[in-house]
Amino acid sequence: MSSDKTPVAPAANFIRNIVERDLEQGTYASRRWNGTPGDASHQAAGEPDPAKIRTRFPPEPNGYLHIGHAKSICLNFGLARDYGGVCHMRFDDTNPEKEEQEYVDSIKETIKWLGFGWDAFDQSHLYFASNYFDFMYRAAEALINNGHAYVDQQSAEDMRLNRGTLTEPGKDSPWRNRPAAESLQLFREMRDGKHADGSMVLRAKIDMASPNINLRDPAIYRIKRAHHHNTGDKWCIYPMYTFAHPLEDALEQITHSICTLEFEDQRPFYDWVLERLAEAGLLANPLPKQYEFSRLNLTYVVLSKRKLIELVENKHVDGWDDPRLPTLAGARRRGYTPEGFRLFADRIGVSKSDSWIEYTILEDCMRETLNESAERRIAVLDPIKLVISNYPENQEEDCFAPNHPLHPELGKRVVPLSRELWIEREDFMETPVKGYFRLFPENMVRLRYGYVVKCTGFDKDADGSVSTVYCEYLPDTKSGTPGADSVKVKGNIHWVSVNHAHAAEIRLYDRLFKEAHPGTGDRNYLDDINPDSVQIITAQLEPALKDAQPEERFQFERHGYFIVDKKDSQAGAPVFNRTVTLRDHWHK
Ligand code: ATP
Ligand code: MG
């Protein structure tokens with residue numbers, strides 16, 4: 001059953017307001033698109049852009065996506081979907097050495113899993129920033145020729161000293177006013193491998209006294225002899241990220257370039273670069289605009305790449321797709337749903353204020369989507385035996401359990417009943433506490449979808465724990481028969497027949513951290529790891545679960561939502577991961 005629960009119109013937010021204003025005012029109506037990214041003359045030869053807006057999701061392929069990225073993905077792809085646009089899938093692979101195909105593949109797969117894609121207007125919009133190196137180089141030469149960039153030969157140390165501070169202006173480099181022709185020649189020599197790594201850089205010529213340090217002649221190209229996965233050894237100079245990023249946006253005709261708040265101070269440089277290149281005729285107007293929103297911070301979770309790497313490498317978790325990790329690969333294995341992530345993104349919205357989002361909000365989104373979509377099954381997680389003394393040995397009968405209470409059209413399945421059943425250890429108490437309505441001596445409960453039974457006794461192991469409970473059933477009280485209501489009981493417990501059940505491994509996952517803000521104050525986040533974040537048990541399952549397929553999701557009645565692990569399950573022997581309990585047990 002598929003259920004797409006993402007509301008058609010998510011709540012308004014400041015970015016949606018900007019997009020709507022731009023559409024109303026026709027800010028981008030004059031843009032043209034020539035089928036591929038390109039400079040001003042390339043786009044000018046194209047048709048009016050069929051996409052009303054263009055956004056992009058631009059990960060560096062140097063790690064796995066996490067729940068924070070899901071916010072950005074839902075935002076960028078969601079805007080494109082809702083406003084007749086397209087969101088470009090762009091790998092920001094301008095930094096040599098770091099990227100790997102494994103990450104490219106995993107990122108693409110994860111975005112599709114979240115329910116998004118980059119095919120629109122009869123073409124695919126999958127781009128690699130490294131394909132723009134030629135243009136970036138050309139743009140740098142144009143800046144030099146127009147007096148907007150120079151080659152600086154100061155040592156890295158001097159450059160740092162001369163940058164100034166928040167309260168003091170910087171000092172001009174002695175090379176700042178060298179003739180453009182000299183910078184051009186040196187820049188070409190940098191490109192041709194005539195100078196050592198780090199011996200000189202190309203810098204934008206803006207203002208060493210600017211109150212915004214990012215405008216104090218930022219470096220835009222550096223020498224680095226490094227092999228690039230796409231361009232090989234063609235280049236020994238590479239653009240800096242802050243120079244490359246606006247160019248990538250402009251070549252792709254992006255309208256709204258949305259990033260996280262730490263780039264706010266870079267926005268003036270973003271605009272400066274694009275304006276200079278538009279003046280030079282290299283980039284098409286109207287230019288992209290950058291907007292910033294606050295990144296996701298989730299309680300009980302760490303999202304920093306460095307920490308995630310540490311958790312994996314030091315084996316605090318079992319690989320990048322460990323179901324306890326906040327990676328999307330982990331969340332998927334845990335059983336979190338794409339619908340749940342989209343609902344979560346809409347529910348938390350976007351803003352410019354940094355805040356922590358409660359983890360329960362994410363869990364509730366998963367519960368809501370799973371409640372709707374997951375079929376119900378029965379599993380006894382901590383089994384003890386229940387013997388129905390007055391039920392004939394060798395007899396069995398069918399009981400009928402609905403697959404989904406909200407969807408009667410999904411029908412019922414057979415759950416066989418016999419003399420010996422597995423029930424939950426916690427559904428029996430020798431001496432009941434106040435308010436306990438389940439099994440205890442002389443009390444009656446309903447075996448869900450079966451009969452009312454009355455507890456007649458119990459046995460204990462040598463260690464004093466209850467091993468078997470005895471009861472007698474009331475033959476006229478079977479669920480679904482006219483006599484079902486003749487005896488009123490307060491308790492209703494689930495069970496599986498011992499002869500029909502099959503045992504399966506179940507991993508009961510819980511939060512990876514026991515503190516809401518891991519590692520804050522003077523604590524190390526590693527000390528905040530929850531020692532009980534997973535418990536592996538053998539449970540007794542109803543027969544219908546034996547053939548559950550990888551990634552099938554179920555609600556185990558009274559317990560929570562579970563998914564068949566896609567890695568460790570075998571045909572006929574599924575292993576289950578607990579996605580989330582039915583109710584939050586962290587905030588009692
Ligand atoms: P790095 O530290 O390597 O830059 P990153 O987390 O920024 O890592 P990117 O691959 O650069 O990873 O991220 C791709 C996009 O995801 C960026 O546009 C970034 O703003 C966004 N993003 C990353 N983390 C979050 C977060 N916690 N909340 C919202 N958006 C995020
Ligand atoms: Mg980044």
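Residue indices begin at 1 and follow the sequence shown. All of these numbers come straight from a predicted model, not from anything done at the bench. Indexing begins at 1, ligand by ligand and atom by atom, following the structure's order.
Residue Leu296 places at least one N or O, backbone or side chain, under 3.5 Å from an N or O of ligand 1. Every N/O-N/O distance between Lys71 and ligand 1 stays at or above 3.5 Å.
Using cut-offs of 30° and 60° for the angle between ring planes, the Trp113 and Phe341 rings count as perpendicular.
In this structure, Arg324 is not positioned above the aromatic face of Tyr509 in the sense of NZ or CZ being under 6.0 Å from the six-membered ring centre and within 45° of the axis.
When Trp235, Tyr238, Tyr150, Phe187 are each tested for a ring-ring contact (aromatic ring centres under 6.0 Å, His included) with Tyr221, only one passes: Phe187.
A donor-acceptor contact shorter than 3.5 Å is absent between the side chain of Asp249 and the backbone of Ile254.
Counting the atoms of ligand 1 from 1 in the order shown, those under 4.0 Å from a heavy atom of Lys305 are 1 (P), 3 (O), 8 (O), 12 (O). Counting the atoms of ligand 1 from 1 in the order shown, those under 4.0 Å from a heavy atom of Thr260 are 20 (O), 29 (C), 30 (N), 31 (C).
When the options His69, His66, Arg56 are ranked by their closest heavy atom to atom 12 (O) of ligand 1, first place goes to His69.
The pair Asp197-Arg222 fails the salt-bridge criterion, with no side-chain N (NZ, NE, NH1 or NH2) lying under 4.0 Å from an Asp/Glu carboxylate O.
By the criterion of a heavy-atom distance under 4.0 Å, both the backbone and the side chain of Arg295 are placed next to ligand 1.
Remark: distances from the non-hydrogen atoms of Phe57 to ligand 1 include one below 4.0 Å.
In this structure the side chain of Met240 never reaches within 4.5 angstrom of the side chain of Thr94, judged on heavy atoms.
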